[in-house]
Amino acid sequence: MSTLFDITTEAPAATTAAGPPALTIPTVYGLDLSLTCTGISDGTTADALIPGTRTGHDRLEFHRRSIRERIPEETSLVVIEGPAMSLGYRPGVEEMTYLRGLIKHDLWKRQIPYAVCPPQHRIIYACGVANPAKDHPASRRKTIAKGMVRDAVVERYGVPCEGRGRYDQADATILAAMGLHWLGYPLVVLPDSHRRALDGVQWPENLPAVAR
């Protein structure tokens, strides 16, 4: 399993008199889908898509349209956060399931490959463990873990995640970083404790990894 992309062996390109061949990094996006605030990132920048007072089909269409506008046709891969299966049925679950299916179907129509990452594996890739806040009170673990992922994104990847959608931006950045890593273009060097998260993702079968 490689820890860092080697441009001399992994990215062949025409050499010019001006210098070494240029590195063409694939375009990868991470999507942390949410009805109220969707995080989107290409691994170097992040944003939050907030529907405001929209509800129902208007809200679903806002997300579909906004994501389509942000993700270009030439995108190599989109990594979507999957459902948290342990949470069971809650209000909004049905609409959230439809949103996830709507975005996946829209990507399929555009022939853009997508992967689905379980939430725990996103946390492992960011922090090295699935429950980084286990030593804190149970009532605060979820919030503290979100902050730990955000801190990891800011410190390790240099992507500012601010405002209401800061946690969603951070999650999307991790998902994008995972996709780039899987394709052979890791943004940073990570230990095995973090890289193991890649093995738990549902990667597209028609888009094999270059190196990990």
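Residue numbers run from 1 in the order of the sequence given. It should be emphasised that the depicted structure is a prediction, and the values quoted were computed from it without experimental measurement.
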Undergrad: How far apart are the closest heavy atoms of Ala126 and Ala152, and which atoms are they?
TA: O-CB, 3.7 Å
Undergrad: What is the minimum heavy-atom distance between Ile123 and Pro132, and which atoms define it?
TA: CG2-CD, 3.6 Å
Undergrad: Other residues, nucleotides and ligands only: do more than 12 of their heavy atoms fall within 6.0 Å of CD on Glu95?
TA: yes
Undergrad: I want to check something: taking the side chain as every heavy atom from C-beta on, are Ile71 and Ile40 in contact at a cut-off of under 4.5 Å?
TA: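 When only atoms from C-beta onward are counted, Ile40 and Ile71 do touch, with a gap below 4.5 Å.
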Undergrad: Do Ile103 and Phe62 sit in one hydrophobic cluster, given that two such residues count as connected whenever their side-chain heavy atoms are within less than 4.5 Å of each other, even indirectly?
TA: yes
Undergrad: If hydrophobic clusters are built by linking Ile, Leu, Val, Met, Phe, Trp and Tyr wherever their side-chain heavy atoms come under 4.5 Å apart, do Val93 and Tyr98 end up in the same one?
TA: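 Different clusters: Val93 never reaches Tyr98 through Ile, Leu, Val, Met, Phe, Trp or Tyr contacts under 4.5 Å.
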Undergrad: Can you get from Ile124 to Tyr157 by hopping between Ile, Leu, Val, Met, Phe, Trp and Tyr side chains that sit under 4.5 Å apart?
TA: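 Cluster IDs for Ile124 and Tyr157 differ.
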Undergrad: Residues in side chain to side chain contact (heavy atoms under 4.5 Å, CB included) with Arg140, at least two apart?
TA: Ile144
Undergrad: Give the cluster check for Ile67 versus Val28: same hydrophobic cluster or not, with ILVMFWY residues linked at side-chain heavy-atom distances below 4.5 Å.
TA: no
Undergrad: Taking the basic N atoms (NZ, or NE/NH1/NH2) and the acidic carboxylate oxygens, is any pair closer than 4.0 Å for Asp32 and Arg122?
TA: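 No, this pair does not count.
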Undergrad: Take atom CD in Glu74; do more than 12 heavy atoms of anything else shown fall under 6.0 Å from it?
TA: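 Enclosed.
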Undergrad: Would you give the length of the straight line joining atom NE2 of His105 to atom CZ of Arg110, rounded to the nearest 0.5 angstrom?
TA: 12.5 Å
Undergrad: Partners of Lys104 by side chain to side chain contact (heavy atoms under 4.5 Å, CB included), sequence neighbours excluded?
TA: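 Side chain to side chain contact (heavy atoms under 4.5 Å, CB included) check on Lys104 returns Ile80, Arg100, Tyr114, Val116.
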Undergrad: Heavy atoms, side chains only, cut-off 4.5 Å: are Leu77 and Leu183 in contact?
TA: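 The answer is yes, as the side chains (C-beta and beyond) meet within the 4.5 Å cut-off.
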Undergrad: Which value, rounded to the nearest 0.5 Å, describes the distance between Arg65 atom CZ and Leu49 atom CG?
TA: 10.5 Å
Undergrad: Between Arg196 (side chain) and Gly128 (backbone), is there a donor-acceptor pair under 3.5 Å?
TA: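 Checked: pair present.
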Undergrad: Are Ile174 and Val153 side-chain neighbours, meaning at least one heavy-atom pair lies under 4.5 Å?
TA: yes
Undergrad: Specify whether His181 and Tyr125 have parallel, tilted or perpendicular ring planes, treating 30° as the upper limit for parallel and 60° as the lower limit for perpendicular.
TA: perpendicular
Undergrad: Looking only at heavy atoms, what is the nearest atom pair of Pro119 and Pro83, with distance?
TA: CD-O, 3.6 Å
Undergrad: Is there side-chain contact between Ile112 and Tyr29, with heavy atoms separated by less than 4.5 Å?
TA: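 The answer is no, as the side chains (C-beta and beyond) never meet within the 4.5 Å cut-off.
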Undergrad: Counting N and O atoms only, with roles assigned by atom type, does the side chain of His136 sit under 3.5 Å from a partner on the main chain of Arg141, one being a donor and the other an acceptor?
TA: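 No, because the side chain of His136 does not come within donor-acceptor range (under 3.5 Å) of the backbone of Arg141.
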Undergrad: Answer whether the closest heavy-atom distance between the side chains of Leu198 and Met178 falls below 4.5 Å.
TA: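 Leu198 reaches Met178 side chain to side chain.
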Undergrad: Just verifying a value: how many Å separate Leu107 CG and Leu31 CG, rounded to the nearest 0.5 Å?
TA: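 With rounding to 0.5 Å, CG (Leu107) is 7.0 Å from CG (Leu31).
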Undergrad: Where do Cys161 and Val154 come nearest, in terms of heavy atoms and distance?
TA: N-CG2, 4.3 Å
Undergrad: Side chains of Leu99 and Met96: does their closest heavy-atom pair fall under 4.5 Å?
TA: yes
Undergrad: Locate the shortest heavy-atom distance separating Leu180 from Pro26; write the atom from each residue and the value.
TA: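 Taking Leu180 first and Pro26 second, the nearest heavy atoms are CD2-O, 3.6 Å.
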Undergrad: Atom CG of Asp42 and atom CZ of Arg70: how far apart are they, to the nearest 0.5 Å?
TA: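 One finds 10.5 Å between CG of Asp42 and CZ of Arg70.
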Undergrad: For the side chain of Ser41 and the backbone of Gly43, is there at least one donor-acceptor N/O pair under 3.5 Å apart?
TA: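 Indeed, once roles are kept as given, a pair shorter than 3.5 Å links the two residues.
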Undergrad: Can you find a pair of side-chain heavy atoms, one from Lys134 and one from Val129, that are under 4.5 Å apart?
TA: no
Undergrad: How far apart are the closest heavy atoms of Thr44 and Val159, and which atoms are they?
TA: O-CG2, 3.5 Å
Undergrad: Take Leu60 and Leu102 through the side-chain contact (heavy atoms from CB on, under 4.5 Å) test and state the conclusion after the steps.
TA: CA-CA 8 Å; Leu60 293 170; Leu102 178 66; 4.2 Å; yes
Undergrad: So how far is it from Asp47 CG to Gln169 CD, rounded to the nearest 0.5 Å?
TA: 6.0 Å
Undergrad: Do Ile25 and Trp182 sit in the same hydrophobic cluster, where Ile, Leu, Val, Met, Phe, Trp and Tyr count as joined when their side-chain heavy atoms come under 4.5 Å apart?
TA: yes
Undergrad: Does Leu35 offer a backbone N or O that forms a donor-acceptor pair with the side chain of His63 under 3.5 Å?
TA: yes
Undergrad: Between Glu162 and Arg150, is there a salt bridge with N-O shorter than 4.0 Å?
TA: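 Judged by the 4.0 Å cut-off on N to carboxylate O distance, Arg150 and Glu162 do form a salt bridge.
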Undergrad: Is the shortest heavy-atom distance from the side chain of Glu61 to the side chain of Arg54 under 4.5 Å?
TA: no
Undergrad: State the CZ-OG1 distance between Arg59 and Thr53, to the nearest 0.5 angstrom.
TA: 10.0 Å
